[in-house]
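Atoms within each ligand, like the ligands themselves, are counted from 1 in listed order. In what follows, every heavy atom counts, from backbone to side chain, and hydrogens, waters and symmetry copies are set aside. Throughout, numbering of the chain's residues begins at 1 and tracks the sequence.
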Amino acid sequence: MSQRIFEGSFTQQEAIPEAAIASAVAVLRSGRLHRYNTAPGEHSETALLERDYAAWQGARYCLACASGGYAMQLALRAFGVADGEPVLTNAFTLSPVPGAIDAAGGRPVLVESGADLVIDLADLATKIETSGARLLLLSHMRGHLVDMDALMRLLDARGVALIEDCAHTMGASWNGVKSGNFGIAACFSTQTYKHINSGEGGLLTSDDAALMARATLRSGSYMLYASHLAGPDEAAYAEARLEQPNQSGRMDNLRAAILRPQLAALEDNIARWNARYHAVEAALIDAAAGDGELRPIPRPAAERFVGSSIQFLAEGLDAAATAAFLTRCKRRGVALKWFGAEQPSAYTSRHDHWGYVAAQSLPRTDALLKALFDMRIPLTFSVDDCALIGEIIGESLAATRAGEPLQGPLDVDAI
Ligand SMILES: *Cc1c(COP(=O)(O)O)cnc(C)c1O
C-alpha cells in the first residue's frame, strides 16, 4: 500500500483576485469606506454589490451586511419573531444558526436531520404540530438540499414561513430554482470559508418589500435608504421608518469592492469546486472498496450543488476506531472533521453543546453525527491533490476496519 502524504493546507484559500485588490485600493484612496459616504452622483460599492447580487440571485431585493449570522438575525427580526417564540431549525447545523434565533429572541426547536444530512420532513411535520411554530430557519447544511418541492408543499399546507440559510449553497439550485429563492428571505455569508470571500460579510435577499424595508432600517440605514440600488421603493418604508430600531450591522465599501469581482468569477469557481469534489469522491470510493466501508452522501438529480466541502458516513466505528482513523488521515496530511466528538472542536459542534438551548431528544441526528466525517475542499487544491486525498482517506479507513495496529500516539482532539 502506498503511503503518499498530502502536503497542502486545508485552511488556505485562493488569493483575492487582482481586479478586487485594485477596487479595494481605489476605495482606500477615496477615503469613503462607509456605504453612505458617497460623492455627489456616485453609487457606493456596497449599493453596487447589492444590485449585482440581486441580479445574479434573481431576487428583487438585496441588503449587504456585516456577517451571515447577522443577516439571519436581521431576517428573523424583520419577520417579526416575538420574544420566546418557537423557531424551527434543523439539528445538524453550525452554531451561528441557533445563535441567530437566540439573538432575535426566539426559542430554537430542533428538527431531526436524516441520513442524507437534510431535514427530516416527517419530524418537521410533527414539530410544527407540537411547537405551534410559524417559521422554519432552514440551514442547507454543507450544501445538501432537501427535496425543496416536498418541503414547500409541507410548509405551505401548514402556513409555516421559510427563511433559508444559504451559507453553503450560494450558487446551488433545486430543479433549476436557485437556493435562496424558495422562502420569504435568504441569508448568505461572505466569510472566508464560503463561496466568495471578504473575511466577514453577509447578504440578505427577499422579494418582500415590507420585510426588506424593516431589515434595511434595522441594519442601520439611518434615513439614507433611498441610495440603495436593490431596495424597495420609498413607499415601503412609510410604515416602518420610525418604528424599527437601528441595530447597526452594515457592510462597508471595502468589502463590497472585494466581493464584486469575485461574484463575476463564481460560476467558473463552482465548476472548479465540483471537479475537485468528484475527484475526492471517486478516489475514496475506489480506495475503500470493501462493502459498506463508507457511504458517500447521495446527490439527487434535481440538485445542483457546489462541492466546496465533502461528507461521508463511516458507520460502526467505535470511539477508539474513530480516533485511529482520524489519526491515520492526519498523519498523512488530511484534516477530517468529525461532528460526533464529546467536546466542540474548532467549527464542529452538535446540539447538546448549545447550552442555552433547552435540551431536546434527537436520536437520529445523534446517530448520524457519530458516523459523519466532513472535509473542506479549498480551491488551492488541484484535481490531482483531491484524488490523492480521497485515496488517503479510503486507505486509512480500510486499515482501521482491518484492525491494523496504529503505531505511536493518537493525534486527534476531543474524542
Ligand atoms: C458560516 C455559516 C453561517 C454564518 O456565517 P458568518 O458569516 O460566519 O456569520 C451560517 N450558517 C452556516 C451553516 C454557516 O456555515
Side-chain angles (χ1 to χ4, degrees), residues 10-11 13 46 49 53 62-77 87-104 106 108 110-111 113 117-119 136-146 162-172 179-180 183 185-205 215 219 247-252 254-256 258-259 262-263 273 297 305-311 337 339 344-351 353-354 357 365 368-369 372 374-378:
F10 283 80
T11 57
Q13 303 295 65
T46 308
L49 172 67
Y53 195 76
C62 176
L63 176 73
C65 54
S67 71
Y70 180 83
M72 290 190 287
Q73 297 174 30
L74 204 54
L76 293 165
R77 292 187 182 121
V87 178
L88 299 151
T89 193
N90 39 312
F92 171 47
T93 187
L94 289 182
S95 58
V97 180
I101 295 172
D102 183 79
L110 304 175
V111 180
S113 296
L117 309 192
V118 296
I119 192 164
L136 167 66
L137 174 60
L138 177 65
S139 181
H140 301 300
M141 185 59 178
R142 287 298 188 252
H144 297 275
L145 291 172
V146 69
L162 172 68
I163 293 175
E164 296 178 71
D165 168 18
C166 301
H168 303 161
T169 54
M170 180 186 282
S179 167
C187 309
F188 300 83
S189 170
T190 65
Q191 190 239 75
T192 290
Y193 293 114
K194 313 298 162 92
H195 298 171
I196 51 178
N197 172 13
S198 59
E200 302 285 357
L203 296 162
L204 173 64
T205 60
S219 76
Q247 298 167 330
S248 281
R250 294 167 303 272
M251 184 177 280
D252 57 85
L254 187 55
R255 291 191 233 175
I258 292 172
L259 290 170
Q262 294 183 58
L263 183 59
W273 262 308
I297 309 300
F305 66 96
V306 182
S308 53
S309 70
I310 190 164
Q311 296 70 43
K337 297 204 188 91
F339 279 83
S345 166
Y347 294 91
T348 71
S349 66
R350 52 185 214 205
H351 65 93
H353 297 152
W354 309 327
V357 175
T365 305
L368 171 74
L369 296 188
L372 179 66
D374 171 62
M375 192 188 86
R376 266 191 205 126
I377 307 181

Is there a side-chain contact between [X] and [Y], using heavy atoms and a 4.5 Å cut-off?
| X | Y | result |
| --- | --- | --- |
| Thr169 | Glu164 | no |
| Val97 | Met141 | no |
| Leu94 | His168 | yes |
| Tyr70 | Glu200 | no |

First-shell residues of ligand 1 [heavy atom, distance under 4.0 Å]:
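Contacts of ligand 1 under 4.0 Å: Ser67, Gly68, Gly69, Met72, Leu94, Pro96, Val97, Ser139, Asp165, Ala167, His168, Ser189, Gln191, Lys194, Gly201.
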Going by the rule ring-ring contact (aromatic ring centres under 6.0 Å, His included), which residues pair with Phe10 if we only count those two or more places apart in sequence or in a different chain?
Phe6, Phe381
In this structure, which one of Val87, Leu137, Leu204 forms a side-chain contact (heavy atoms from CB on, under 4.5 Å) with Ile163?
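The side-chain contact (heavy atoms from CB on, under 4.5 Å) with Ile163 is passed solely by Leu137 among Val87, Leu137, Leu204.
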